[in-house]
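Beneath this line is the structure, given in structure tokens, with notes to follow.
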Amino acid sequence: MQSYDHKEIEKKWRKVWEEQKLDEVDPAKVENGFYCLDMFPYPSGEGLHVGHWRGYVLSDYFARYYRLQGKTVLHPMGFDAFGLPAENAAIKNKSHPKEYNAKTIPVFINQLKAIGAMYDWTKTIDTSDPGYYKWTQWLFLQFFKHGLAEKRNSWVNWCPKDQTVLANEQVVNGCCERCGMKVTKKQLSQWYLKITDFAEELLDGLETLEWPENVKLLQKNWIGRSDGAYVVFHADKVSLKVFTTRVDTLFGVTSLVLAPEHPDVENVTTKEFQNSVLQYVEQSKERTELDRQKNTDQTKTGVFTGGYALHPLTHKQIPIWVADYVLPNYGTGALMLVPAHDERDYEFAKGHQIPTLPVVESADDLPYEGDGKLVNSGIYDGLESIEAANKIAKDLEARGIGGPTVNYRLRDWLVSRQRYWGAPIPIVYDPEGTPHAVKDEHLPILLPTDVDFQPGGESPISRSKEFRARAEQLYGKGWHFETDTLDTFVDSSWYYLRFLSPDDQSRPFDPKLIAKWLPVDLYIGGIEHAILHLLYARFVYRFLVRHEYIKIDNPEPFQKLFNIGMVGLNGAKMSKSKGNIVSPDPLVEHYGTDALRGYELFLGPMENSLDWNPRGINGVHRFLIKLYSLTSKVSNDSNDDQESLFDQYLTKINAMMKDFRLNTVLSEAMIFVNSLNSSKAVNKTVLERLVVTLSPAFPFISEELWADLGHKESVFLTHWPKSFGTANSVPKVKILIDQKFIDEIDIDENMTEEKLLKLIKDMPQFSQKLGGQEIKRTIYKKGELLNIITRG
RNA sequence: GCCUGGGUGGUGGAAUGGUAUACACGAUCGACUUAAAAUCGAUUGUCGCAAGGCAUGCGGGUUCGACUCCCGCCCCAGGCACCA
């Protein structure tokens, strides 16, 4: 069998494609655009492994497929180059993160080029480039100008190892998303973007998206809408507002409980209890969120404040407690304690001799959390929970002491970071300390270079003399810049807009091009960004649409999302530190780019995470050799069988492609090639059409075969093939006797059951099985099967 | 604890309610070769010489027919986790 020289072919076509600028697109000149986007990578020094390849091969497959469908495909690539990894690597190597990136990015680009993907390299962006982060700073200022960026003093997540605050989304199981260190709490003044203003539309917008259901669900749960009511309780000096989803249990309240961080704790605490309350509050400050959460199964701690509030309906005196199982950041940071109908409240009450007062008719078990008829609830007795809740909420509203409300679990996005390698937050403080937006003409606020960027709990930039001098020079004596930098997720929240006009010096993006190209038609990346990046980007885009920076009907940036599964080795995630990285390089060297691309797709369903099997690539390689050898028996003689086989193949793969089932697309291709391989001659047109269908997966060998078949132009300038229009094969009927498959026969589509049965009885393979047995019954599905039952 | 997905050969995995195990990998045997690699051919769920049984995590159910639908368990992965 004739082999083929993959190195020769790759070299040849790579050059031709580059010369013809086949992958370059001018977004302004296109009417039928298709925006195919990969989640852009951080250009790590670890290099690409076979797991990274998978996502890039997948996006390239569809980029090429849609090009063959007649679309002009924009497929850009850029680098999320700001952030901790570059900074930490630089600290370790005693170099500058900028130098580190300058070294790693070209290596990274070469590795990406090895994939043979049709990236438009004229549109590359680097988020750490001043030409880019100028506009990241501009973006922040737009939030500031609309009152959606705010500096707030509050308790924040703090990573003691990375020496920086973290957004809520970056705390995983109480630990730092990056380094795994236990996250502690710190009270700091930090910048927030008010994503909670968009909670409802971010939730509603999910319904319009063609995203995997599990990702939509993750976002839905993260946003965490809960419908309930607020209720106001009056105490001596203050009124306390609580949020509840069970306002029907209002008559069962036996206490109010405040979070230790609640601002009114000292206002309700009596002299007598001052010491114990103060001590408790101090003590809970020292506990990390994780410690507080771990308490779940133990007795809940808390102290009595000595204060009382008036129940709004019964006018009873309700004691006020402080307990750290009450979260300061959810609802109002205070809750009404209903031990009879809430498990956590029950547990707390039990440990502190607080009475339990059932108000919903129930089984004897306490706590009972279900719905039911109300008891001990005055005029509401006898009503069902839902009815009662509605009525009570309305009555409270009428009296101005409560009412229906919606609460979200989502919290505002903390964007300040006490690290060096990011975009400086473009805020300048006057001598009194009031924040002002940096003037547009001063953007970008460049990162100072005269600093040692060892993290020290405070932003390293604050140590820059030049940075201090710059502020005074631009704004006057006593003025100073904000010294924190922006979370890198701000950089990546808008990069997909920049790809359309990456070199525009005058504005961050071109609204006209955005109206033309957005939303992104296909977005491919890992599931790890299900909440972080994908939620932030939706928020930023919706902000830009709401305030008409972009005029577009659909306020969602990514219409269709596909999550590529991760590739591990022996059950572990690949990483340099574990030393288990499988490099694509030797595989490309030995089997060729096409073989590795095909194997990545053939491994299994694209959304599945799986373990790398180093051996299987052989199969794809053999397939390519077989495919290549078909050229030696090309014939112009028409061949009905091959045309019909092609049509069946095409119908199958067209359907499979819609569901991203590329592993079975390749299986079908293998079946078809195996069958052609066993023929003496292969019809030229059939082979041509086959080659086109294989070109998205195997661009190099397809281009070579296409040229061999006499074509002067690239295979990627042709169109996805149509069927030969062969009749959809002869109708076949499967014959089963007693549920067991015997044979398949060709018959007239409209044959009646009687005629068919008669026919069968005369055919030896069936008559033998049937013997003389009595036919009890039959099941006949026209054009499909006949099941003959002789038993039972 | 709650919410999602999953559980099919030695392995990755196929199967609009209709021949379970496609397509590959690996393995075994054979051909070619001085030999090896590559390549080609055969076999490959399991028990059985065979006929034929038995097998899609476990137990039930619906159906002429269930990997597929329903009910109850078990296990694995991911997410959330005192969210009032």
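These numbers were taken from a predicted model, which means no experiment stands behind them. Numbered from 1 within each chain, the chains take letters A, B, ... in sequence-line order. The figures here come from the full heavy-atom set of this structure, side chains too, leaving out hydrogens, waters and symmetry mates.
In this structure a side-chain-to-backbone donor-acceptor pair under 3.5 Å is present from Thr305(A) to Ile320(A). Judged by distance alone, the side chain of His341(A) and the main-chain N or O of Val359(A) form a donor-acceptor pair under 3.5 Å. Judged by distance alone, the side chain of Arg661(A) and the main-chain N or O of Ala655(A) form no donor-acceptor pair under 3.5 Å. For the pair His311(A) (side chain) and Leu250(A) (backbone), a donor-acceptor distance under 3.5 Å is present. Checked by atom type and distance alone, the side chain of Lys633(A) pairs as donor or acceptor with a backbone atom of Ser679(A) at under 3.5 Å.
Ranking rG12(B), rA14(B), rU19(B) by closeness to the Glu744(A) side chain, first place goes to rU19(B). In this structure, of rG13(B), rC25(B), rA84(B), it is rC25(B) that holds the atom nearest to the side chain of Asn613(A). The side chain of Ser667(A) has rA22(B) as its nearest neighbour among rA22(B), rG13(B), rA81(B). Of the candidates rC23(B), rA14(B), rC40(B), rC23(B) carries the atom nearest the Phe602(A) side chain, counting heavy atoms from C-beta on. The side chain of Arg777(A) sits closest to rC64(B) out of rA14(B), rA24(B), rC64(B). Here rC25(B) is the nucleotide among rC64(B), rC25(B), rC40(B) with the atom lying nearest to any side-chain atom of Asn618(A). The listed nucleotides are rG13(B), rG18(B), rC80(B); the one nearest the side chain of Ile779(A) is rG18(B).
Nucleotide rC23(B) forms a Watson-Crick or G-U wobble pair with rG12(B), both donor-acceptor distances falling under 3.5 Å. rU63(B) makes up no base pair with any nucleotide shown, lacking Watson-Crick or G-U wobble contacts both under 3.5 Å. Judged by Watson-Crick or G-U wobble contacts below 3.5 Å, the nucleotide rU56(B) has no partner. In this structure, rU68(B) forms no base pair with any nucleotide, since neither Watson-Crick nor G-U wobble geometry is met with both distances under 3.5 Å. Base pairing annotation: rC49(B) forms no Watson-Crick or G-U wobble pair, as no partner gives both donor-acceptor distances under 3.5 Å. In this structure, rG1(B) and rC80(B) make a Watson-Crick or G-U wobble pair, each of the two defining distances being under 3.5 angstrom. Searching all strands for a Watson-Crick or G-U wobble partner of rU28(B) with both distances below 3.5 Å returns rA42(B).
Electrostatic pairing of Lys216(A) and Glu207(A) does not count as a salt bridge here, judged by no charged N lying under 4.0 Å from a carboxylate O. At a threshold of 4.0 Å, the pair Asp248(A)-Arg246(A) counts as salt-bridged, since one of the basic side-chain nitrogens sits closer than that to a carboxylate oxygen.
The gap from the C1' atom of rU16(B) to that of rA51(B) amounts to 35 Å, rounded to the nearest Å. rG9(B) sits 11 Å from rU46(B) when the P atoms are compared, rounded to a whole Å. Atom name P, nucleotides rG59(B) and rC64(B): the rounded distance is 23 Å, in whole Å. Rounded to whole Å, the C1' atom of rU19(B) lies 16 Å from the corresponding atom of rU68(B). Atom P of rA31(B) sits at a distance of 25 Å from the matching atom of rA24(B), rounded to the whole Å. Taking the P atoms as reference points, rG26(B) lies 23 Å from rC32(B), given to the whole Å. Nucleotides rA38(B) and rU44(B) place their C1' atoms 22 Å apart, quoted to the nearest Å. Distance check on atom P: rC23(B) versus rA42(B) gives 12 Å, rounded to whole Å.
Contact between the side-chain N/O atoms of Arg622(A) and the OP1/OP2 oxygens of rG26(B) is found at a separation under 4.0 Å. Between Asn674(A) and rA24(B) there is a side-chain N or O to OP1 or OP2 distance below 4.0 Å. Dashed line: the shortest gap from a side-chain N or O of Arg661(A) to OP1 or OP2 of rA15(B) is under 4.0 Å. Contact annotation: Asn608(A) does not reach the phosphate of rG12(B) (side-chain N/O to OP1 or OP2, under 4.0 Å). Side-chain nitrogen and oxygen atoms of Ser609(A) include none within less than 4.0 Å of the OP1 or OP2 phosphate oxygen of rG78(B). Side-chain nitrogen and oxygen atoms of Asn214(A) include none within less than 4.0 Å of the OP1 or OP2 phosphate oxygen of rG78(B). Residue Arg615(A) places none of its side-chain N or O atoms closer than 4.0 Å to OP1 or OP2 of rA24(B).
Donor-acceptor pairing under 3.5 Å, judged by distance alone, is present between the side chain of Asn787(A) and the base of rC64(B). Looking at Lys300(A), its side chain comes within 3.5 Å of the base of rC82(B) through a donor and an acceptor atom.
For the pair Phe243(A) and Leu603(A), both in contact range of RNA chain B, the more 5′-proximal nearest nucleotide belongs to Leu603(A). Toward the 5' end of RNA chain B, the nearer of the two residues Ile527(A) and Phe741(A), judged by each one's closest nucleotide, is Phe741(A).
Using a 4.0 Å heavy-atom criterion, one finds that Thr778(A) contacts no nucleic acid atom at all. Among the heavy atoms of the strands, none lies under 4.0 Å from Glu343(A). Asn663(A) comes within 4.0 angstrom of the backbone, heavy atoms only, and of no base. Heavy atoms of Ile671(A) sit under 4.0 angstrom from primed sugar atoms or phosphate atoms, though from no base atom.
Centroid-to-centroid, the aromatic rings of Phe348(A) and Trp321(A) come within less than 6.0 Å.
Put simply, CG on Leu624(A) is 17 Å from P on rA38(B), counting in whole angstrom units. For the pair Leu736(A) CG and rG17(B) C1', the interatomic distance rounds to 13 Å; values are reported in whole Å. What separates NE2 of His262(A) from C1' of rA84(B) is a distance of 13 Å, to the nearest Å. In this structure, Leu601(A) atom CG and rA14(B) atom C1' are separated by 17 Å, rounded to whole Å. As a whole-Å value, the separation of Lys740(A) NZ from rG52(B) P is 7 Å.
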Evaluation steps, salt bridge (charged side-chain N to carboxylate O under 4.0 Å, His left out), between Glu753(A) and Lys782(A): CA-CA 8 Å; Glu753(A) 187 176 338; Lys782(A) 260 189 188 170; over 6 Å; no
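Base orientation of rG52(B): anti, since the glycosidic angle falls outside 90° of 0.
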